[in-house]
Amino acid sequence: MRSIRNIVILTGAGISAESGIDTFRSGADGGPSLWEQHRVEDVATPEAFRRDPELVQRFYDMRRAAIQTKQPNAAHNALARLDAEWGGELLIVTQNVDDLHERAGARRVLHMHGEHLNAWCTACDTRSRWTQPLVDRPPCPRCGERSLRPDVVWFGEMPYRMDEIYSALRAADLFVSIGASGAVYPAAGLVREARELGIATLELNLERSQGSAWFDETQLGPASELVPAWVEQMLARSVS
Ligand code: NAD
């Protein structure tokens with residue numbers, strides 16, 4: 001097997017499911033997820049925000065409050081350990097807007113879909129750390145305009161920092177996808193890009209995803225079990 005020095009890891013909602021954060025399709029408690037109680041078009045598009053800003057802000061306020069009560073799980077902790085100990089290049093590209101990778105201690109993290117704990121001022125284009133509700137239209141701490149929105153990438157908007165992601169992928173020897181459905185583009189296309197580049201590909205997921213056929217190997221099981229075991233294996237064969 002080609003020796004592995006540089007790794008790109010994509011994480012999706014599945015890695016945070018065992019921390020009690022709903023994925024798109026199922027609630028963390030087994031019931032309907034917050035997402036299933038709303039149509040995506042009503043809460044996660046720029047059109048929805050123009051049409052009914054209060055509904056959208058309330059939805060994100062609820063999620064922003066909820067993630068602050070959650071804790072990283074064994075999968076986030078294992079990736080933070082890999083980040084700290086891996087001698088080669090490593091990039092954790094996350095579709096998640098929670099901050100559980102950072103709270104576990106990971107540093108090489110890129111949020112391609114933004115972050116719940118940021119507010120974006122559309123008047124002065126400043127991003128500020130934000131833990132409070134936005135529904136009451138608080139002023140931007142920088143310019144004072146009441147133009148703050150959640151700093152999350154909605155459907156129909158361009159994910160962040162794609163150039164950096166593709167450049168990390170071009171230098172990578174291994175692409176790993178953890179708890180991502182393979183349904184949300186462009187993240188779902190990264191595995192195909194990796195294949196075209198001749199990079200080894202591994203998927204860790206609770207069940208087969210829409211993208212499974214594209215991976216060299218898929219391991220099925222909960223992230224809290226699969227990820228620590230995989231990290232252990234990688235560090236055992238670590239580059240020096
Ligand atoms: P998704 O909700 O569409 O799919 C979740 C995936 O995780 C599925 O493939 C499922 O099989 C897998 N999964 C569920 N529980 C798991 C577990 N315990 N261990 C391993 N895998 C598990 O998620 P997605 O592909 O990330 O797309 C959702 C979109 O919505 C993303 O763009 C993301 O920005 C956003 N989102 C984010 C969060 C978050 O920040 N935590 C939560 C929900 C949705």
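Order of appearance sets the numbers: ligands from 1, and atoms from 1 within every ligand.
Using a 4.0 Å cut-off to heavy atoms of Arg63, the atoms of ligand 1 that qualify are 38 (C), 42 (C), 43 (C). Close contacts of ligand 1 with Ala180, meaning ligand atoms under 4.0 Å from a residue heavy atom, involve 9 (O), 25 (O). Taking every non-hydrogen atom of Gly179 and a distance limit under 4.0 Å, the qualifying atoms of ligand 1 come out as 5 (C), 6 (C), 7 (O), 21 (N). When each atom of ligand 1 is checked for a heavy atom of Pro222 under 4.0 Å away, the hits are 19 (N). Atom numbering of ligand 1 starts at 1 in the shown order; those under 4.0 Å from a heavy atom of Val97 are 39 (C), 40 (O). Every atom of ligand 1 with a heavy atom of Val184 under 4.0 Å away is listed here by number and element: 27 (O), 32 (O).
Within the 4.0 Å heavy-atom criterion, both parts of Asn96, backbone and side chain, lie near ligand 1. For Asp22, every heavy-atom contact with ligand 1 shorter than 4.0 Å involves the backbone, none the side chain. With a 4.0 Å heavy-atom cut-off, ligand 1 is reached by the backbone of Ala13 and by its side chain too. Under 4.0 Å from ligand 1, the heavy atoms of Ile21 that appear belong solely to its side chain.
At least one side-chain heavy atom of His101 sits less than 4.5 Å from a side-chain heavy atom of Thr11. The side-chain heavy atoms of Leu148 and Thr122, taken from C-beta on, include no pair separated by under 4.5 Å.
For Ala183, the heavy-atom gap to ligand 1 stays at 4.0 angstrom or more. For the pair Glu225 and ligand 1, no heavy-atom separation below 4.0 Å is found.
Considering backbone and side-chain N/O of Ala17, none are found under 3.5 Å from N/O of ligand 1. Considering backbone and side-chain atoms alike, Leu206 places an N or O below 3.5 Å from some N or O of ligand 1.
Taking each heavy atom of Thr218 and Glu203 in turn, the nearest pair found is OG1-OE1, 3.0 Å.
One finds a salt bridge joining Arg81 and Glu85 here, because a Lys/Arg side-chain nitrogen approaches an Asp/Glu carboxylate oxygen to under 4.0 Å. Between Arg63 and Glu115 no salt bridge is recorded (no basic side-chain N to carboxylate O distance below 4.0 Å). Under the 4.0 Å criterion applied to side-chain N and carboxylate O atoms, Arg64 and Asp61 are assigned as salt-bridge partners. Taking the charged nitrogens against the carboxylate oxygens, Arg58 and Glu54 do have a contact shorter than 4.0 Å, which makes a salt bridge. Note on Arg108 versus Asp83: salt bridge recorded, some NZ/NE/NH1/NH2 to OD/OE distance being below 4.0 Å.
With Pro159, Ser181, Gly12 as candidates, the residue nearest to atom 4 (O) of ligand 1 on a non-hydrogen basis is Ser181. By heavy-atom distance, the residue among Gln95, Lys70, Gln219, Glu18 lying nearest atom 35 (C) of ligand 1 is Gln95.
A cation-pi geometry, defined here as NZ or CZ lying under 6.0 Å from the six-membered ring centre and within 45° of its normal, does not hold between Arg192 and Phe215.
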Candidate pair Asp99 and Ile67, rule side chain to side chain contact (heavy atoms under 4.5 Å, CB included), full reasoning: CA-CA 8 Å; Asp99 63 340; Ile67 64 160; 4.3 Å; yes
